[in-house]
Peer 1: 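This structure is in structure tokens; I'll ask about it shortly.
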Amino acid sequence: MRKDLGESKNIFYFNACGEINTEKTLKLAIERARELRIKKLVVASETGASALKAAEMLRGSGINLIAVTSAAGTKIEDTAIGDLRIGIPNNRIWNQLEKSGAEIIRGTDPLYNIGAALERNHVPTLATTVRLCFRAISSGTAVCVTATLMVTDNGLLREGEDVVATAGSWIGLDTAVVLRATNSVNLLRPGALQIREIICKPRNPA
């Protein structure tokens with residue numbers, strides 16, 4: 001095979017979604033970041049637990065952690081453990097992350113803002129369609145994309161910069177991708193956001 005046609009790379013497929021995959025996801029993400037000489041790792045983390053694990057594993061690596069979480073006061077209602085407050089509400093965890101050197105972005109998912117009330121009433125929007133397209137790969141892929149948009153909008157990534165992003169399907173991490181960053185206003189501009197490589201994902205994307 002001609003070497004100039006491309007290269008072969010591994011993708012790890014998890015048998016199930018969930019927190020059990022967090023450490024493996026971070027290990028694979030950090031390995032790929034080192035291989036590609038990428039110096040920033042985006043971790044979507046709602047309670048801060050996954051971000052703390054990433055901070056521990058990144059210690060001394062030279063890779064900067066950017067933790068992304070939901071807007072202050074956000075909660076998910078009627079979960080199996082009751083109403084769950086997200087957005088890293090625990091000040092102790094927030095302070096631990098800052099002490100570790102992590103940058104923290106707290107804000108609104110750009111695909112879930114002005115149309116949120118419509119979506120809650122099962123009225124499809126353009127954002128619904130975009131999110132469902134990413135979820136065809138995995139739920140975590142959709143979150144990796146929106147987290148990277150938030151980081152770029154906040155100026156911690158520049159448009160066109162490659163970054164490794166990790167996210168999950170509910171609790172913990174199970175997806176990691178290499179993305180070319182863009183601002184949220186340019187999401188649908190051809191070629192702006194690029195999923196450059198898939199590092200790992202659940203085999204079942206639900």
Side-chain angles (χ1 to χ4, degrees), residues 18-19 21-23 25-30 32-34 38-76 79 81 83-113 116 131 134 139-187 193 199:
E19 190 174 14
N21 304 318
T22 296
E23 186 168 348
T25 299
L26 287 169
K27 181 175 182 291
L28 293 168
I30 293 167
R32 189 66 58 89
R34 284 175 171 151
I38 291 173
K39 295 298 184 182
K40 295 173 184 176
L41 177 69
V42 170
V43 176
S45 185
E46 293 293 17
T47 65
S50 296
L52 281 177
K53 183 66 177 176
E56 174 191 327
M57 293 177 66
L58 285 170
R59 195 174 295 126
S61 68
I63 298 171
N64 299 317
L65 171 62
I66 306 172
V68 181
T69 195
S70 291
T74 306
K75 67 179 179 180
I76 301 174
T79 75
I81 55 174
D83 290 351
L84 178 67
R85 291 181 63 215
I86 57 177
I88 312 184
N90 187 309
N91 288 332
R92 180 184 59 81
I93 293 177
W94 186 283
N95 292 336
Q96 279 183 271
L97 284 168
E98 287 190 325
K99 188 176 179 180
S100 76
E103 299 270 11
I104 308 172
I105 297 296
R106 179 190 267 165
T108 302
D109 175 347
L111 294 183
Y112 192 74
N113 41 47
R131 191 182 294 108
F134 289 126
S139 295
T141 301
V143 181
C144 284
V145 168
T146 55
T148 300
L149 294 174
M150 291 165 68
V151 175
T152 311
D153 285 349
N154 276 273
L156 295 182
L157 289 171
R158 66 181 187 279
E159 285 200 296
E161 180 177 358
D162 281 356
V163 65
V164 176
T166 65
S169 307
W170 171 229
I171 296 175
L173 306 173
D174 56 26
T175 300
V177 298
V178 180
L179 289 171
R180 178 152 290 177
T182 193
N183 291 114
S184 58
V185 294
N186 293 324
L187 174 60
L193 180 104
I199 301 167

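Nothing here was measured: the structure is a model prediction, and the numbers come from that model.
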Peer 1: Check whether the side chains of Glu46 and Ser70 place a donor and an acceptor atom closer than 3.5 Å, and report yes or no.
Peer 2: yes

Peer 1: Quick check: do Thr47 and Ile88 have side-chain heavy atoms less than 4.5 Å from each other?
Peer 2: no

Peer 1: Classify the side-chain pair Asp174/Ser169 by whether it contains a donor and acceptor separated by less than 3.5 Å.
Peer 2: yes

Peer 1: Tell me which one of Arg180, Lys39, Lys40 satisfies side chain to side chain donor-acceptor pair (under 3.5 Å) with Glu161.
Peer 2: Lys40

Peer 1: Going by heavy atoms in the side chains, are Arg131 and Asp109 under 4.5 Å from each other?
Peer 2: yes

Peer 1: Under 4.5 Å between any side-chain heavy atoms of Leu156 and Ile105, yes or no?
Peer 2: yes

Peer 1: I'd like to check Val68 versus Val151 (side-chain heavy atoms, cut-off strictly below 4.5 Å). Are they in contact?
Peer 2: yes

Peer 1: Answer yes or no: is there a side-chain heavy-atom contact under 4.5 Å between Ile30 and Ile63?
Peer 2: yes

Peer 1: Is there a side-chain contact between Leu65 and Val43 (heavy atoms, below 4.5 Å)?
Peer 2: yes

Peer 1: Take atom CD in Glu23; do more than 12 heavy atoms of anything else shown fall under 6.0 Å from it?
Peer 2: no

Peer 1: Does one side chain, of Asn64 or Glu103, offer a donor that lies under 3.5 Å from an acceptor on the other?
Peer 2: no

Peer 1: Is there a donor-acceptor pair closer than 3.5 Å between any side-chain N or O of Thr146 and the backbone N or O of Ala142?
Peer 2: yes

Peer 1: Would you indicate whether Arg106, at its atom CZ, is surrounded by more than 12 heavy atoms from other residues, nucleotides or ligands within a distance under 6.0 Å?
Peer 2: yes

Peer 1: Please step through side-chain contact (heavy atoms from CB on, under 4.5 Å) for the pair Leu26 and Leu173, ending with a clear verdict.
Peer 2: CA-CA 8 Å; Leu26 287 169; Leu173 306 173; 3.7 Å; yes

Peer 1: Considering only heavy atoms from C-beta outward, does the side chain of Val164 approach that of Ile199 to under 4.5 Å?
Peer 2: yes

Peer 1: Evaluate the side-chain proximity of Leu111 to Leu187: yes if any heavy-atom separation is below 4.5 Å, no if none is.
Peer 2: yes

Peer 1: Which one of Leu179, Asn183, Leu157, Thr182 satisfies the side-chain contact (heavy atoms from CB on, under 4.5 Å) criterion with Leu149?
Peer 2: Thr182

